[in-house]
Amino acid sequence: MNPTKLKIGLVQQSVASNDKATNWNKSAKQIAKLAAQGCECILLQELHSTLYFCQQEDTNAFDLAEPIPGPATEFFGELAAKHNIVLITSLFEKRGSGLYHNTAVVFDRSKEIAGKYRKMHIPDDPGFYEKFYFTPGDMGFNPIETSIGKLGVLVCWDQWYPEAARLMAMAGADILFYPTAIGWDMTDSEEERSRQHGAWETIQRSHAVANSVPVVVANRSGFEPSPVAGDPGIQFWGQSFIAGPQGEILAKADADVETTLSVELDMSRTENIKRIWPYFRDRRIDAYDDLTQRWRD
C-alpha cells in the first residue's frame, strides 16, 4: 500500500566544472540533508554530473558519457541504500559506441536500479544543441514502480508536451517528476525572460491540473559561460518548485541560489480531486485519433 503522507525533496545546484566526483559529492551533501529532514523521495536536476555541455557541438564531450550501470549509478545507488530513500538521478548514458541518451535513473532504497527513462523529446536550439548528443528515447512513457508508488519521470524538454504527462498519468503515475536544465539567453530582454519563465512554470503546473497529480521540478541554477567565443552563455534560472494536484505551488526556490526544497504531500488528495474533477471520465477518446498525426493538413 502506498503511503498517504509522503515527504518529497529536490536539489537545486550550480555546476562549475566537469569534475564528476566534486559534483556528486556536492549533491550527496544535499541528499543527506533532505534525508535527515525525513524526505523519502529526492529528485536531482538534469545532467547534474557535469557542466551543460550542449552549448556547442563537440565530439570530445561524448567522453563525459558513461554506461548504465556504471560509476554514477554505483555512487548514487549507494546513497539511496544508505539513506533508505527513493532517488531520481539524471545521467548522460553511453548505450553503445556512437549511441547516447539523456537518461533518468531511479533507485528504490537500494543500490539496485528500480527503473530508467530515456528522454523522448530532444531540442535543438542555439546553446541547446541536444540533438547532436542524444538519441531520442525508445522506452515510451511508462511510470517506474517504487515503494512509494508509481513515478512518472520525464526530462526537461518533455515538460512542454501535455501528451507525455497524460500518457504517464494514464499508466497510473502518482507523481510527475521533471529534472531540468533551462535558462535564459543573456541577450534576451528582461520582458522576454519573464515571459519564458512564466510559460515554463505554467505548462508544468498545467500538467498537475490536467492529470490531478503533484508535479516536482528540479532546475539547474547559476551561470555557465559558453565554450564558444562570442556566445553569451546560459544563466540557468533555478526556481525549482513542487506543485500540488491542482497546480498550486507548495514550495518554490529562488533563481540564483543553491538550495533544497521539501514538502509533505497528502497523497489522498489526488484521489479526492479526481472524484471532484473527473477529467479522465469525460475524455472523448473516440474523437482524438488525429492526435497521432504530425499536423492536420
Side-chain angles (χ1 to χ4, degrees), residues 8-12 41-49 52 54 68 76 86-93 95 100-108 113-125 128 130-131 133-146 148-183 197 199-220 236-237 239-245 247 261 265 270 280 291:
I8 298 284
L10 65 81
V11 178
Q12 173 177 297
C41 178
I42 298 171
L43 172 67
L44 300 180
Q45 67 202 31
E46 184 184 22
L47 299 172
H48 50 76
S49 294
Y52 182 74
C54 305
I68 296 175
F76 289 103
V86 176
L87 181 60
I88 304 167
T89 65
S90 173
L91 306 174
F92 185 17
E93 177 188 7
R95 186 175 178 183
Y100 303 84
H101 295 281
N102 187 331
T103 303
V105 180
V106 178
F107 304 90
D108 187 8
I113 294 173
K116 62 185 179 182
Y117 166 81
R118 291 178 175 139
K119 186 173 180 177
M120 293 282 280
H121 301 95
I122 312 296
D124 190 69
D125 298 296
F128 295 86
E130 295 196 13
K131 279 187 168 65
Y133 295 101
F134 308 129
T135 298
D138 56 358
M139 302 178 72
F141 300 105
N142 298 298
I144 296 170
E145 292 266 11
T146 73
I148 61 168
K150 292 183 177 180
L151 310 186
V153 182
L154 297 158
V155 179
C156 203
W157 194 237
D158 293 326
Q159 68 210 352
W160 300 98
Y161 294 86
E163 300 92 338
R166 176 69 89 198
L167 287 168
M168 284 291 192
M170 286 173 62
D174 297 299
I175 307 172
L176 297 176
F177 292 87
Y178 292 93
T180 74
I182 188 169
H197 174 263
W200 174 82
E201 182 179 290
T202 300
I203 190 67
Q204 291 176 99
R205 292 174 66 185
S206 77
H207 300 328
V209 175
N211 297 292
S212 303
V213 294
V215 169
V216 183
V217 183
N219 190 36
R220 208 176 188 94
F236 292 98
W237 62 47
Q239 300 182 76
S240 303
F241 67 91
I242 301 172
L261 294 180
L265 298 175
T270 294
F280 289 90
L291 285 176

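Since the model is a prediction, treat every value here as computed from it, not as a measurement. Keep in mind that the numbers below use all heavy atoms, side chains included, and drop hydrogens, waters and symmetry copies.
For the pair A210 and F280, the tightest heavy-atom approach, listed with the atom from each and the gap, is O-CE1, 4.4 Å. Looking at every heavy atom in both residues, C41 comes nearest to F177 through SG-CZ, 3.7 Å. When all heavy atoms of S90 and Q45 are compared, the pair lying nearest together is CB-O, 3.4 Å. Between H121 and A164, the closest heavy-atom pair is CE1-CB, 4.1 Å. Residues F107 and I113 come closest through the heavy atom pair CE2-CG1, 3.8 Å. Closest of all the heavy-atom pairs between Q159 and Q204 is OE1-OE1, 3.3 Å.
For the pair E93 (side chain) and T103 (backbone), a donor-acceptor distance under 3.5 Å is absent. The backbone N or O of A199 sits nowhere less than 3.5 Å from a side-chain atom of T202 that would complete a donor-acceptor pair. Checked by atom type and distance alone, the side chain of R205 pairs as donor or acceptor with a backbone atom of G247 at under 3.5 Å. Checking side-chain atoms of T270 against main-chain N and O of V213 turns up no donor-acceptor pair under 3.5 Å.
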Verdict with supporting geometry, H48 and T89, side-chain contact (heavy atoms from CB on, under 4.5 Å): CA-CA 8 Å; H48 50 76; T89 65; 3.6 Å; yes
List the steps, then state whether side-chain contact (heavy atoms from CB on, under 4.5 Å) holds for L44 with F76. CA-CA 11 Å; L44 300 180; F76 289 103; 3.7 Å; yes
Going through the distances and angles, do W200 and I182 end up as a side-chain contact (heavy atoms from CB on, under 4.5 Å)? CA-CA 9 Å; W200 174 82; I182 188 169; 3.5 Å; yes
side-chain contact (heavy atoms from CB on, under 4.5 Å) between R118 and F134, worked out: CA-CA 9 Å; R118 291 178 175 139; F134 308 129; over 6 Å; no
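How far CD of E46 is from CG of L154: 11.5 Å, rounded to the nearest 0.5 Å. Between atom CG of residue D174 and atom CD1 of residue I148 there is a gap of 8.5 Å, rounded to the nearest 0.5 Å. H207 NE2 to Y161 OH: the interatomic distance, rounded to the nearest 0.5 Å, is 10.5 Å. Note that CD1 of I242 and CG of L10 are 5.0 Å apart. Values are rounded to the nearest 0.5 Å. How far CD1 of I88 is from OH of Y117: 13.0 Å, rounded to the nearest 0.5 Å. To the nearest 0.5 Å, atoms CG (D124) and CH2 (W157) are separated by 10.0 Å.
For the side chain to side chain contact (heavy atoms under 4.5 Å, CB included) test, residues two or more places apart in sequence or in another chain that qualify with T135 are L99, H101. Residues passing the side chain to side chain donor-acceptor pair (under 3.5 Å) test with Y52 are E130, sequence neighbours excluded.
Between S49 and F92 the shortest side-chain heavy-atom distance does not fall below 4.5 Å. In this structure, R95 and D138 have side chains that are in contact, with non-hydrogen atoms separated by less than 4.5 Å.
Residue pairs meeting the salt bridge (charged side-chain N to carboxylate O under 4.0 Å, His left out) criterion with at least one partner in residues 149-172, sequence neighbours excluded, are E145-K150.
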